[in-house]
Amino acid sequence: MQAAGKLMKVFVTRRIPQEGMKILSAAGVCEVNLWDSDEPVQRAELLKGVQGAHGLLCLLSDKIDVEVLDAAGPNLKVISTLSVGFDHLALDEIKKRGIRVGYTPDVLTDATAELTVALLLATARRLPEGVEEVKNGGWSSWKPLWLCGYGLSGSTVGVIGLGRIGMAIARRLMPFGVKRLLYSGRTAKADAAELNGEFVPLDTLVSESDFIVVSCSLTPGTQGMCDKAFFSKMKNTAVFINSSRGAVVNQEDLYEALKSGQIAAAGLDVTTPEPLPTNHPLLTLKNCVVLPHIGSATYTTRGIMAALSARNLLGGLQGTEMPSELTF
């Protein structure tokens with residue numbers, strides 16, 4: 001146990017919403033060292049900041065590996081990440097050292113699902129192109145096929161990974177008049193029955209869907225899953241959407257599929273790397289909509305995420321229950 005009256009040291013790797021900082025301040029059990037910037041902490045500053053820390057509150061962009069854990073030393077008892085994803089954490093090494101991990105699932109489900117639907121509609125109905133045409137004077141007389149896209153009514157939607165977020169996306173898409181919902185993943189989902197979802201092999205989903213939404217976790221099995229072979233099985237009128245992890249997609253293969261007309265369009269909220277370089281080939285294509293990983297970017301959601309990550313951190317520091325502890 002910590003000696004009475006002695007504050008535990010905590011390093012926070014970024015300026016986070018005040019909802020989280022207020023909880024840490026009010027608890028009175030920790031001394032917070034904050035990297036007070038909206039930009040990612042530099043590696044050298046991260047290694048310096050974690051020295052002797054009992055707790056670490058980090059973001060998805062912070063690589064927490066053996067070097068960071070060694071720099072922190074034996075005091076480190078909890079890592080709280082302000083994210084639902086945890087592929088930036090060296091979990092095997094963290095487990096060896098008996099360090100607890102908190103994360104923020106569920107709270108960003110609705111916001112991410114909303115953004116995914118918005119991205120799908122913007123991509124399929126060519127909204128960014130339309131806005132640009134208004135601005136650059138391309139809007140002239142009405143033309144029968146000008147800026148035509150693809151509608152959801154009567155379509156087949158395929159969701160790869162029908163977990164919390166995948167299911168929330170599907171629930172929002174079905175009222176648009178979607179005819180069939182296909183999904184693939186490790187196992188069939190009982191929840192899918194409410195939407196008449198059909199559990200099918202990945203190849204079936206890819207070849208029969210008009211819209212493909214990737215909402216799976218990044219694992220060795222899903223890394224690079226959406227590649228040349230994947231895109232070659234899609235309809236040439238199909239729209240591809242990814243709001244999961246950038247590394248699920250082979251971006252060179254996606255570029256070729258879009259440029260050649262193998263598929264109709266793509267919308268991405270995640271890329272490799274992030275941020276995507278401004279000279280990346282995907283950004284030269286009109287039929288590719290790229291967003292800067294803003295799936296959970298509502299004021300309410302980010303505030304809730306910050307509060308949850310703070311409570312997870314305090315639970316780990318005090319040896320009590322964490323609201324959202326990762327079991328691994």
Side-chain angles (χ1 to χ4, degrees), residues 109-131 133 139 142-185 188-216 225-226 229-244 248-249 254 257-269 285-291 295:
T109 298
D110 287 339
T112 303
E114 288 172 4
L115 189 281
T116 304
V117 171
L119 177 59
L120 184 152
L121 291 170
T123 304
R125 295 298 302 273
R126 302 170 65 178
L127 301 194
E129 282 184 78
V131 170
E133 290 293 281
W139 183 15
W142 185 85
K143 306 178 189 77
L145 294 177
W146 187 56
L147 286 177
C148 282
Y150 298 93
L152 281 161
S153 182
S155 70
T156 296
V157 169
V159 178
I160 300 173
L162 201 72
R164 287 183 296 261
I165 294 173
M167 191 65 189
I169 293 166
R171 284 193 179 109
R172 285 161 172 78
L173 288 175
M174 295 307 286
F176 282 93
V178 171
K179 188 175 182 180
R180 290 177 75 202
L181 171 66
L182 310 180
Y183 72 98
S184 67
K189 304 288 186 181
D191 285 356
E194 73 179 73
L195 303 176
N196 295 318
E198 303 170 41
F199 183 53
V200 297
L202 181 61
D203 280 358
T204 302
L205 182 149
V206 173
S207 63
E208 295 186 10
S209 296
D210 300 301
F211 298 88
I212 294 176
V213 180
V214 183
S215 186
C216 59
M225 171 181 67
C226 304
F230 179 102
F231 296 123
S232 71
K233 293 168 190 163
M234 286 176 62
K235 299 177 181 181
N236 59 18
T237 54
V239 175
F240 175 82
I241 303 294
N242 183 22
S243 59
S244 60
V248 172
V249 178
L254 174 59
L258 288 165
K259 189 180 178 189
S260 68
Q262 174 65 52
I263 68 173
L268 310 173
D269 185 43
L285 301 173
K286 286 186 176 181
N287 58 342
C288 187
V289 178
V290 181
L291 299 180

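Rounding to the nearest 0.5 angstrom, the gap separating the CG atom in L162 from the OG atom in S184 is 9.5 Å. Expressed to the nearest 0.5 Å, how far CG of L205 lies from CG of L182 amounts to 5.5 Å. If you take CG on L147 and CG on L127, they are separated by 9.5 Å, rounding to the nearest 0.5 Å. Between atom OG1 of residue T237 and atom NZ of residue K235 there is a gap of 6.0 Å, rounded to the nearest 0.5 Å. With rounding to the nearest 0.5 Å, the separation of OG in S209 from CE in M234 is 8.5 Å. The OG1 atom of T116 lies 9.0 Å from the CG atom of N242; values are rounded to the nearest 0.5 Å.
For residues 191-213, the pairs satisfying ring pair (Phe, Tyr, Trp, His ring centres under 6.0 Å) are Y183-F199, with sequence neighbours left out. Pairs passing the salt bridge (Lys or Arg N to Asp or Glu O under 4.0 Å) check and including a residue from residues 152-164, sequence neighbours excluded, read D106-R164. Pairs passing the salt bridge (Lys or Arg N to Asp or Glu O under 4.0 Å) check and including a residue from residues 112-127, sequence neighbours excluded, read R126-E129.
Contacts of M174 classified as side chain to side chain contact (heavy atoms under 4.5 Å, CB included), with partners at least two apart in sequence or in another chain: V178, L181, L195. Residues meeting the side chain to side chain donor-acceptor pair (under 3.5 Å) test with Q262, sequence neighbours left out: none. Residues satisfying the side chain to side chain contact (heavy atoms under 4.5 Å, CB included) criterion with T204, sequence neighbours excluded, are V200, P201, E208.
Remark: W146 CH2 is packed, more than 12 non-hydrogen atoms of other residues, nucleotides or ligands lying under 6.0 Å away.
Looking at F240 and V249, their side chains come closer than 4.5 Å, going by heavy atoms from C-beta outward. Under the 4.5 Å side-chain criterion, counting only non-hydrogen atoms from C-beta, L173 is not in contact with V159. Between T123 and Y150, every side-chain heavy-atom pair lies at or beyond the 4.5 Å cut-off. For the pair D110 and R172, the minimum side-chain heavy-atom distance is below 4.5 Å. Considering only heavy atoms from C-beta on, F230 comes within 4.5 Å of I160 through its side chain. For the pair L291/L115, a side-chain contact is recorded, criterion being any heavy-atom separation below 4.5 Å from C-beta on. Using a 4.5 Å heavy-atom threshold, the side chains of L254 and L268 count as touching. With a 4.5 Å cut-off on side-chain heavy atoms, I263 and L258 count as touching.
Contact between C216 and S244 at its shortest, heavy atoms only, is O-CB, 3.2 Å. Considering all non-hydrogen atoms of both residues, S215 and G166 come closest at OG-N, 3.3 Å. Closest approach of A168 and T109 over heavy atoms only: CB-CG2, 3.6 Å.
For the side-chain contact (heavy atoms from CB on, under 4.5 Å) with V213, the lone residue among L119, I169, I165, V117 that qualifies is I169.
Of the possible polar contacts, none joining the N236 side chain to the G261 backbone as a donor-acceptor pair under 3.5 Å is found.
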Review point. Does the pair L152 and D210 meet the rule for a side-chain contact (heavy atoms from CB on, under 4.5 Å), with working shown?
Key: CA-CA 8 Å; L152 281 161; D210 300 301; over 6 Å; no
Practice item. Decide yes or no on side-chain contact (heavy atoms from CB on, under 4.5 Å) for L121 and F176, but give the supporting numbers first. Key: CA-CA 11 Å; L121 291 170; F176 282 93; 3.8 Å; yes
